[in-house]
Amino acid sequence: MTDRQYIIGEFSPASDDDLIICRCEEITKGEIRRAVFDGMFNICEVRRLLRCGMGLCQGLTCGRLVKSVIAGEIGLSATALEDATARAPMRPTEMFIFAKEVTDE
Amino acid sequence: MNNPDVIIIGSGVIGNATAYNLAKRGLSVTVLEKSPIIGDGGSSRNGGGVRQSGRHPAELPLAMYAIKNLWPGLSDELGTDVEYCQKGNLRLGKTKEHLDILKGLVKSNTAQNLDMRMIDYKEAREICPYLSEEVKGASWCATDGHANPMLATLAYYKAARRLGVRFITGVDVVTLRKIRGRIAQVCTADGTVYNAGQIVVAAGYESRKILSSVGIDIPMSQLLMECIVTEEAPPMFEQMLGTAMADFYGHQSKHGSFVFGGAHGFEPFATAGDVQTSSIGTSSTCRAIIGYFPALQHLKIVRTWAGWLDDCADHIPVIENALPGLTVGCAFSGHGFGISPVVGVLLAELAAGEQTTLDVSAFKHDRFKAKI
């Protein structure tokens with residue numbers, strides 16, 4: 001049970017806030033930190049708000065980094081946060097490949 | 001703090017919008033959410049349609065009001081861009097049977113003064129140049145559109161939180177309890193009891209079990225829906241798209257990716273409670289899309305997801321003060337997102353004991369009659 005009223009303090013800018021964490025969607029550390037201060041307390045809410053981990057690599061590159069930024073702001077260990085949900089397909093796949101039907105050839 | 005004016009069960013877009021509208025009145029509000037994640041049900045798992053066309057006659061006035069009065073200013077009001085785009089809805093048909101279905105929808109909706117009409121292939125191609133030549137015609141409603149449901153749900157959450165609404169996640173509400181004839185307590189699985197002046201149940205399908213603890217049973221079932229998301233593409237078209245047979249629907253988001261939903265016919269056999277895409281859903285949706293939009297066939301699918309609809313027996317919601325102390329908003333049957341801003345206003349009015357902006361008498365739960 002988490003009471004979201006839990007106040008983590010005022011947002012204060014940091015010198016590395018312009019560091020890009022999610023390269024596919026170009027989301028910075030500062031944007032992720034700001035989202036946590038706006039009440040997004042897990043990776044799922046942060047990525048729905050910002051799109052980090054929703055681009056071409058689906059978070060394979062930045063997933064752990066995003067998690068550690070969120071955990072750092074809340075004051076938790078990164079292992080205490082759930083990973084982002086992995087979703088099919090494993091690799092980006094063109095629509096016409098999915099659309100193929102069984103043929104007799 | 002432990003005895004708020006209103007407790008809302010469910011932090012989906014409906015619950016959050018209601019919380020926001022109640023907090024604007026200066027009422028103290030607590031939102032209880034079963035999941036550890038805000039808005040993790042249908043609110044984050046839908047196609048984002050903000051449409052009037054094709055709505056049930058009872059629901060159409062709500063959609064028309066929301067699109068005229070609430071959606072255009074929502075991003076500014078909530079302080080978050082919800083990516084509302086009002087560029088029309090094309091509902092496509094390939095056969096005479098399809099066109100007859102579309103004509104029926106146009107007849108029903110225009111009878112309630114919605115600006116909607118049938119257009120031929122040529123005009124549809126002018127609106128969306130990527131249509132397949134197999135398309136024979138379409139219905140067209142220029143004032144429909146789409147928005148981003150994940151952002152809208154979290155925008156209401158952020159705005160409500162700023163107004164002092166208390167959100168508690170990971171709380172499994174089991175029963176409601178009556179005190180001297182009035183619903184006044186919420187009991188959770190871990191034995192905690194919350195008291196409130198008014199209780200709003202907006203928990204999607206899960207509302208059914210909670211409401212059954214006070215003798216209300218709304219005939220709804222869970223229905224699986226699946227969506228696919230493509231990689232980012234250059235801007236191609238801005239309309240919300242659908243088909244007469246409802247075999248797929250979707251739009252291109254502001255980000256550039258396309259979001260399409262589709263039906264494969266085996267949804268009633270999905271495993272209850274398990275939100276997983278099936279092995280055939282993506283294939284069937286891709287076939288349907290390529291049939292209407294051949295130009296999209298080389299776009300890559302990057303992600304697929306599934307969600308549950310709280311599908312009601314008559315496919316329209318329950319919005320009412322069902323018992324003293326109890327307000328209900330559920331059974332949106334897969335088209336609640338588009339009307340969520342106005343439903344948030346109406347539920348707040350009901351919960352605050354005010355006259356409602358629109359007539360909600362069609363949405364009482366006692367409308368269900370036995371067959372004999």
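Reckoned from all heavy atoms, side chains included, excluding hydrogens, waters and symmetry mates. Each chain gets a letter, A, B and so on, in the order the sequences are listed, and its residues count up from 1.
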Okay, B:Ile289 and chain A: the region with an atom under 4.5 Å from a heavy atom over there is side chain
Rounded to the nearest 0.5 Å, the CD atom of B:Gln297 sits from the CE atom of A:Met95 at a distance of 10.0 Å
Of the listed B:Thr277, B:Thr230, B:Val171, B:Asp40, the one with the largest count of heavy-atom pairs under 4.5 Å with chain A is B:Asp40
CG (B:Leu299) and OG1 (A:Thr93) are apart, to the nearest 0.5 Å, by 12.5 Å
So, the part of A:Glu45 with a heavy atom under 4.5 Å from chain B: the answer is both
Q.
If you count heavy atoms of other groups shown closer than 6.0 angstrom to CD of B:Gln276, is the number above 12?
A. no
Check whether any side-chain heavy atom of B:Ile301 sits under 4.5 Å from a side-chain heavy atom of A:Pro92, and report yes or no.
no
Review point. Given side chains that start at C-beta, do those of B:Val302 and A:Arg87 come closer than 4.5 Å, heavy atoms only?
Key: no
State whether the side chain of A:Asn42 and the backbone N or O of B:Pro36 hold a donor-acceptor pair below 3.5 Å, judged by distance alone. yes
So, the part of B:Phe293 with a heavy atom under 4.5 Å from chain A: the answer is neither
Heavy-atom nearest pair, B:Ser44 first then A:Arg48, reads OG-NH1, 3.3 Å
If you count every heavy atom of other residues, nucleotides or ligands that lies below 6.0 Å from B:Met245 atom CE, does the total exceed 12? no
pair B:Arg287-A:Phe96: side-chain heavy atoms closer than 4.5 Å: no
Looking only at A:Met90, A:Glu82, A:Arg91, A:Met54, most heavy-atom pairs under 4.5 Å shared with chain B are made by A:Met54
Nearest heavy-atom contact between A:Phe98 and B:Ser283 is O-OG, 3.0 Å
> Is a side-chain N or O of A:Thr2 found less than 3.5 angstrom from the main chain of B:Thr169, in a donor-acceptor match?
Replying inline: no
CG (B:Asp190) and CE (A:Met1) are apart, to the nearest 0.5 Å, by 7.0 Å
Given A:Arg51, A:Met40, A:Glu101, A:Lys100, the one with more heavy-atom pairs under 4.5 angstrom with chain B than any other is A:Arg51
field: Any A:Gln58 side-chain heavy atom under 4.5 Å of B:Arg303 side chain
entry: yes
When the 4.5 angstrom heavy-atom criterion is applied to A:Asp38 and chain B, the contacting part is both
d(A:Asp3 CG, B:Arg166 CZ) to nearest 0.5 Å is 4.0 Å
One option among B:Arg162, B:Lys158, B:His255 has the most heavy-atom pairs under 4.5 Å with chain A, and it is B:His255
Between the CG atom in A:Leu50 and the CE atom in B:Met150, the distance rounded to the nearest 0.5 Å is 11.5 Å
Heavy-atom nearest pair, A:Phe37 first then B:Arg161, reads O-NH1, 3.8 Å
If one checks every heavy atom of B:Ile290 against chain A at 4.5 Å, the contacting part turns out to be side chain
So, the part of B:Val165 with a heavy atom under 4.5 Å from chain A: the answer is backbone
